[in-house]
Amino acid sequence: VQLVESGGGSVQAGGSLNLSCTASGVASDNYAIGWFRQAPGKEREGVSIFSRRDGEIFLANAVKGRFTMSSDNAKNTVYLQMNSLKPEDTAVYYCVLDYHQALASSWYFEYEYDYWGQGTQVSVSS
């Protein structure tokens, strides 16, 4: 599996960015794909995950109401539309994938995901 991310950049607070992640080499329709992020000096945290099998989408509380995740299953691509960005959203955003059905109780654990993209930087200035 290869994950290719795009769409990072620098914006002012209140601005928007749209990240995309395309997965190749995927061997099953039962997978979870989405985004983690790591801010400077902080641990990685789950942002949003899409469960391909049942279409469920999980969002971290910190981004609910501002970030929206969508998918194009035919292209094995997911998008993260980030609106009303805040300086605390500044981080490297990583696309992740694993062959399992994401669950509400565990989607945010990084050990759940075997495949990681190279990361894309998102910087939000105040």
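The residues of the chain are indexed from 1 along the displayed sequence. Reckoned from all heavy atoms, side chains included, excluding hydrogens, waters and symmetry mates.
When the side-chain hydrogen bond (donor to acceptor under 3.5 Å, both in side chains) test is applied to Ser71, the partners found at least two apart in sequence or on another chain are Asn73. Partners of Glu112 under the salt bridge (Lys or Arg N to Asp or Glu O under 4.0 Å) rule, at least two apart in sequence or in another chain, do not exist in this structure. Legend: residues meeting side-chain hydrogen bond (donor to acceptor under 3.5 Å, both in side chains) with Glu56, ordered by chain and number and at least two apart, are absent. With sequence neighbours excluded, no residue satisfies side chain to side chain contact (heavy atoms under 4.5 Å, CB included) with Val4. Applying the side chain to side chain contact (heavy atoms under 4.5 Å, CB included) rule to Ser125 yields the partners Gln12; only residues at least two apart in sequence or on another chain are considered. Taking Asp89 as the reference, Arg37, Arg66 meet the salt bridge (Lys or Arg N to Asp or Glu O under 4.0 Å) condition, with sequence neighbours excluded. For Asp29, the side chain to side chain contact (heavy atoms under 4.5 Å, CB included) criterion is met by Arg52, not counting sequence neighbours. Under the rule for a side-chain hydrogen bond (donor to acceptor under 3.5 Å, both in side chains), Thr120 has no partner lying at least two apart in sequence or in another chain.
Across all their heavy atoms, Gln81 and Ser16 have their closest contact at NE2-CB, 3.8 Å. Smallest separation of non-hydrogen atoms from Ala102 and Ser51: N-OG, 3.4 Å. When all heavy atoms of Gln38 and Lys42 are compared, the pair lying nearest together is NE2-O, 3.1 Å.
Residue Leu103 belongs to no hydrophobic cluster, having no ILVMFWY side-chain heavy atom closer than 4.5 Å to its own. In this structure, Ile49 shares a hydrophobic cluster with Phe36, Phe58, Val92, Tyr94, Val96, Trp107, Tyr108, Phe109, Tyr111, Tyr113, Trp116, the cluster being traced through Ile, Leu, Val, Met, Phe, Trp and Tyr side chains under 4.5 angstrom apart.
Within the 4.5 Å cutoff, the side chain of Tyr99 has heavy atoms near those of the Val1 side chain.
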Discussion item. Determine whether Leu17 and Phe67 satisfy the following criterion, side-chain contact (heavy atoms from CB on, under 4.5 Å), listing intermediate values before the conclusion.
Written reply: CA-CA 10 Å; Leu17 286 171; Phe67 291 11; over 6 Å; no
ask   = For Val63 and Ser48, what are the C-alpha separation, side-chain angles and deciding distance, and is it a side-chain contact (heavy atoms from CB on, under 4.5 Å)?
value = CA-CA 9 Å; Val63 305; Ser48 183; 5.7 Å; no
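For residues 92-110, the salt bridge (charged side-chain N to carboxylate O under 4.0 Å, His left out) pairs, not counting sequence neighbours, are Arg44-Glu110. Within the structure, disulfide (SG to SG under 2.5 Å) contacts touching residues 21-118 (residues at least two apart or in different chains) are Cys21-Cys95.
Paired with Leu97 under the rule side chain to side chain contact (heavy atoms under 4.5 Å, CB included), one option of Val78, Asn76, Asp114, Leu3 passes, and it is Leu3.
A distance of 4.5 Å separates CD in Gln101 from CG in Asp54, rounded to the nearest 0.5 Å. Rounding to the nearest 0.5 Å gives a distance of 7.5 Å between CE of Met82 and CG of Asn18. Atoms CD and OH, on Gln121 and Tyr93 in that order, are 9.5 Å from each other to the nearest 0.5 Å.
Judged purely by distance below 3.5 Å, without hydrogens or angles, the side chains of Thr22 and Thr77 pair a donor atom with an acceptor atom.
The backbone N or O of Val124 lies less than 3.5 Å from a partner atom in the side chain of Thr90, making a donor-acceptor pair.
Both Tyr115 and Leu19 sit in one connected hydrophobic cluster of ILVMFWY residues. Membership requires side-chain heavy atoms under 4.5 Å apart, directly or through other members. Note on Ile57 and Ile33: same hydrophobic cluster, where clusters join Ile, Leu, Val, Met, Phe, Trp and Tyr whose side-chain heavy atoms are under 4.5 Å apart, directly or indirectly.
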